[in-house]
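For reference, the structure is listed below as structure tokens.
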Amino acid sequence: MLKFFAQLLVGAFVLGITSIPAFAAEGMWTFDNIPVKAIKQKYGFEPTQEWIDNVRLSSVRFNDGGSGSFITPTGLVITNHHVAVGQLQKMSSEKKDYVKDGFYASSVEKEVPCKDLELNVLVDMENVTSRVQASCNGLKGGDAVKARKAEIAKIEKEGLKKTGLLSQVVSLYGGGEYWLYSYKKYQDVRLVMAPEKQAAFFGGSSDNFTYPRYDLDYAVFRVYENGKPLENKNYMRMNPEGAKNGELVFITGHPGTTLRDLTYSQVLFNRDVKYPVRLDSIDSALKALYEYSAIGPEQKRRAATNIFYLENSKKALGSEYEGLKKAEFTDILKNKEAELIKKIDADPKLKKDTGSAFEDVEKAMKLYGSRYEKIAYSYIVGYRLPKTAFSIVFYAMETVKPDGERINGYHDSQLETWKYVNFSPAPVYDDLEKAMLKCELEETLKKLGPDDPVVKIALDGKTPEARAEELISGTKLKSVEYRKQLAEGGMDAVRNSEDPLIKFALKLAPIVQSNIKWSEKNVESVLVPAKEKIAAAKFAVYGKSVYPDATFTLRLSYGEVKNYEMNGTFAPPYTTFYGLFDRWLGFGGEGDWTVPESIKKNASKINLSTPLNFVSDNDITGGNSGSPVVNAKGEVIGVVFDGNIESLPGRFVYDEKANRAVSVHAGGIIESMKNVYGAEKLVNEILGK
């Protein structure tokens, strides 16, 4: 499984230069820097501030990954089925499978509360760059890191106290800018509708990241406030007519991470160190999940969502990795850096100010690479229960420290969300927990060896299977009340706990903390000042005609509905319900290409020429799933659910000829609601009838 701690370190420390000025549809733009003039020059449309503000306030971030948008003044939010699937799984049981069978609430009273879903809406942005950077003036190394973190924590705490909003300081342009983002949080969210999995994921893993596609990958939730459906003034109505081929469209959402800002040494780190570790972990987890699924139908149901996520990650990361191994691909990134260095060297002041920044990054990455695998496998989270144990132990350890000295995730501004997630009543399955913990213990033993201190503590002289059995069978962390007692009791309660998983986490926590301190001292303390120097040089050369790497913060991209060359011909801009049936028949009506019964039995009602999916050349990445596709009128004409296979290396380099965002067409959504699922009441609400 993916290592949270390794991801945390990479996200925090592996930062670099910003991209060269964007052309065509390239760019995931922050809302303080929308390229209005460029849009007007190319398309003749000038987004007004009112238009921009409404799009921003209508856009929603899902805290468990993904994006969405308000589409009515009654709190309805649309996203992807595959964004919703985690919540659908948590609602499901042996008796009712929301993932497989889908769901429609014919009345407000029948809408189903989510277990632990939080939605965020960006309501304010404040540039705090000067304050953050001034906090470490005259300081070096670890002292500068501590001062910067303390100031960021202080800003976030002040923001929370002043506004009551979720306050997050975001680093952009590799540390060239820092912004305080303030979010309105919604934690009472209820499921309204989701198609069955076979309709949402038609074609399965085989068709994933391909096009043409034929998926009804959407889901609808409703946000509540004070126990009643939310009355929201900012929303974007859905227009089932969609957009014509060549028409301007926008995508607004929360792309997770792009790596276009890396220095060449960081690209090599990803190719040679990070990607192999992540892909090995995914393979191990998938093997364990498939073995668990083979036990029986209930085990298959419990593991299905995790298998989906991991297969999705494997295909995406695998394609990215293959790209990184090609010299023609990495040469693009190498040449981009060389161009920037050439411009810096041509300006004596820039050259002096930048100094040895690129060399410093290279040294730090080599050092980090030498310990990356050991760091990654020192944090054993298994599945839900071990991860919860570590989270509670760190909560007790960190919250007694001054806010500015805590690790990320445990600052005062983050604790409300921490409690919401860690006190989730979502179901826990002992056999699945044992299978996944056994898998990770085996993987840790294999990678670190039997004499490693982490392995000795983790196994305690037992086999991975016996240790997993002991830890999961003996823990009381399945009880939400017990979790609350430990958290409220602080360090005393944690130290005195006889719970085996808490004791397990308590023994390993010092090693994790030691790795964090080592990384701060040897990696972050070098990378942060180096990246700030590079960012300053980049601003001096290009100004703000560039966009920052994605950071799971709100962005806007623009482009047009557009076909592309594929396999010696052209991929169509749209697919239809006709194509869905054709693909089903072409594969003999079997396997992943089986048309679900709900569609087959209502085929005579469906207008088969209705667009189902479509492509545009908007710049997107993971995290954009569920993003609205918006026309110039500010109407939702589709919902992003994928990128084509050609776009996967777009995490590093955008290719305007081949990169395409794949979306569910608004017409297909409305047609399926009316004539497949009998949700005419919901359709009328969505269309404002």
Side-chain angles (χ1 to χ4, degrees), residues 62 64 66 68 71 76-115 117 189-205 207-208 213-222 238 297-298 300-309 312 426-427 577 580-581 584 591-603 605-606 610 612-613 625-626 639 641-642 664-683 685-686:
F62 281 66
D64 51 4
I71 54 172
L76 287 184
V77 170
I78 194 163
T79 186
N80 289 148
H81 182 281
H82 80 259
V83 171
V85 74
Q87 294 299 322
L88 300 179
Q89 179 77 2
K90 292 172 184 177
M91 295 173 182
S92 298
S93 66
E94 191 172 357
K95 295 180 179 179
K96 184 170 181 60
D97 191 340
Y98 287 86
V99 178
K100 179 184 176 185
D101 301 331
F103 174 78
Y104 169 54
S106 57
S107 65
V108 172
E109 293 75 22
K110 295 179 180 179
E111 293 171 1
V112 182
C114 296
K115 298 292 184 180
L117 178 60
V189 186
R190 308 183 193 183
L191 177 66
V192 177
M193 182 183 176
E196 66 273 54
K197 181 182 177 182
Q198 186 56 27
F201 198 46
F202 177 82
S205 295
D207 281 4
N208 196 21
R213 292 288 287 282
Y214 308 90
D215 290 12
L216 288 171
D217 193 352
Y218 71 88
V220 181
F221 293 90
R222 192 187 304 276
M238 185 173 285
E298 176 59 11
K300 184 177 181 180
R301 181 193 71 79
R302 293 173 181 179
T305 299
N306 293 305
I307 289 174
F308 166 78
Y309 283 141
N312 185 72
F577 282 92
L580 169 71
F581 281 94
W584 167 54
D592 290 335
W593 299 277
T594 301
V595 172
E597 287 300 318
S598 62
I599 295 178
K600 281 191 281 189
K601 73 180 182 182
N602 290 298
K605 300 178 185 178
I606 301 170
T610 303
L612 185 52
N613 295 161
S625 291
V639 180
F641 73 95
D642 213 347
V664 192
H665 196 282
I669 292 172
I670 296 300
E671 184 73 18
S672 66
M673 286 181 175
K674 285 173 60 177
N675 295 321
V676 176
Y677 302 111
E680 192 154 351
K681 182 179 178 182
L682 178 60
V683 169
E685 183 178 1
I686 290 173

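Under the side chain to side chain donor-acceptor pair (under 3.5 Å) criterion, the residue pairs touching residues 664-680 are E196-Y677, Y218-S672, E671-N675, with sequence neighbours excluded. Sorted by first and then second residue, the pairs that involve residues 99-114 and meet salt bridge (Lys or Arg N to Asp or Glu O under 4.0 Å), not counting sequence neighbours, are E111-R222.
Between K681 and E685, no side-chain nitrogen of the basic residue sits less than 4.0 Å from a carboxylate oxygen of the acidic one, so the salt-bridge criterion is not met.
Among residues two or more places apart in sequence or in another chain, the ring-ring contact (aromatic ring centres under 6.0 Å, His included) test is passed with F577 by none. By the side chain to side chain contact (heavy atoms under 4.5 Å, CB included) test, A194 pairs with H81, L88, L191, A219, sequence neighbours left out. Taking K90 as the reference, D116 meet the side-chain hydrogen bond (donor to acceptor under 3.5 Å, both in side chains) condition, with sequence neighbours excluded. Partners of T610 according to the side-chain hydrogen bond (donor to acceptor under 3.5 Å, both in side chains) rule, which considers only residues two or more places apart in sequence or in another chain, do not exist here. Under the rule for a side-chain hydrogen bond (donor to acceptor under 3.5 Å, both in side chains), N80 has no partner lying at least two apart in sequence or in another chain. For the salt bridge (charged side-chain N to carboxylate O under 4.0 Å, His left out) test, residues two or more places apart in sequence or in another chain that qualify with E597 are K600. In this structure, the side chain to side chain contact (heavy atoms under 4.5 Å, CB included) partners of N208, at least two apart in sequence or on a different chain, are F201, R213, N312, K315, D642. Qualifying ring-ring contact (aromatic ring centres under 6.0 Å, His included) partners for F641, counting only residues two or more places apart in sequence or in other chains: none. Every residue two or more places apart in sequence or in another chain was checked for a ring-ring contact (aromatic ring centres under 6.0 Å, His included) with Y309, and none qualifies. Shown here are the side-chain hydrogen bond (donor to acceptor under 3.5 Å, both in side chains) partners of W593, two or more places apart in sequence or in another chain: D207.
With hydrogens and angles ignored, the 3.5 Å screen pairs a side-chain donor or acceptor of Q198 with a backbone N or O of T594. One N or O on the side chain of S92 and one on the backbone of Y98 form a donor-acceptor pair closer than 3.5 Å. Between the Q89 side chain and the D97 main chain, no donor and acceptor come within less than 3.5 Å of each other.
What you find for M91 and K115 is that their closest heavy atoms are CA-CE, 4.4 Å. The two residues V664 and N613 come nearest to each other via the heavy atoms CA-ND2, 3.7 Å. Taking both residues in full, the closest heavy atoms of L580 and Y214 are given as N-CD2, 3.4 Å, listed atom of the first, atom of the second, then distance. In terms of heavy-atom proximity, P195 sits nearest to L216 at CG-O, 3.6 Å. Taking all atoms of both residues into account, the shortest heavy-atom contact from D215 to F202 is OD1-O, 2.8 Å. In terms of heavy-atom proximity, V112 sits nearest to F103 at CG2-CZ, 3.6 Å.
Side-chain atoms of Q87 and V189, non-hydrogen and from C-beta on, never get closer than 4.5 Å to each other. Using a 4.5 Å cut-off on side-chain heavy atoms (C-beta onward), F308 and V99 make no contact.
To the nearest 0.5 angstrom, S106 atom OG is 12.0 Å from M193 atom CE. To the nearest 0.5 Å, the span separating CG on L682 from OH on Y104 amounts to 5.5 Å.
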Practice prompt. Walk me through it: do I686 and I669 pass the test side chain to side chain contact (heavy atoms under 4.5 Å, CB included)?
Written response: CA-CA 11 Å; I686 290 173; I669 292 172; 5.9 Å; no

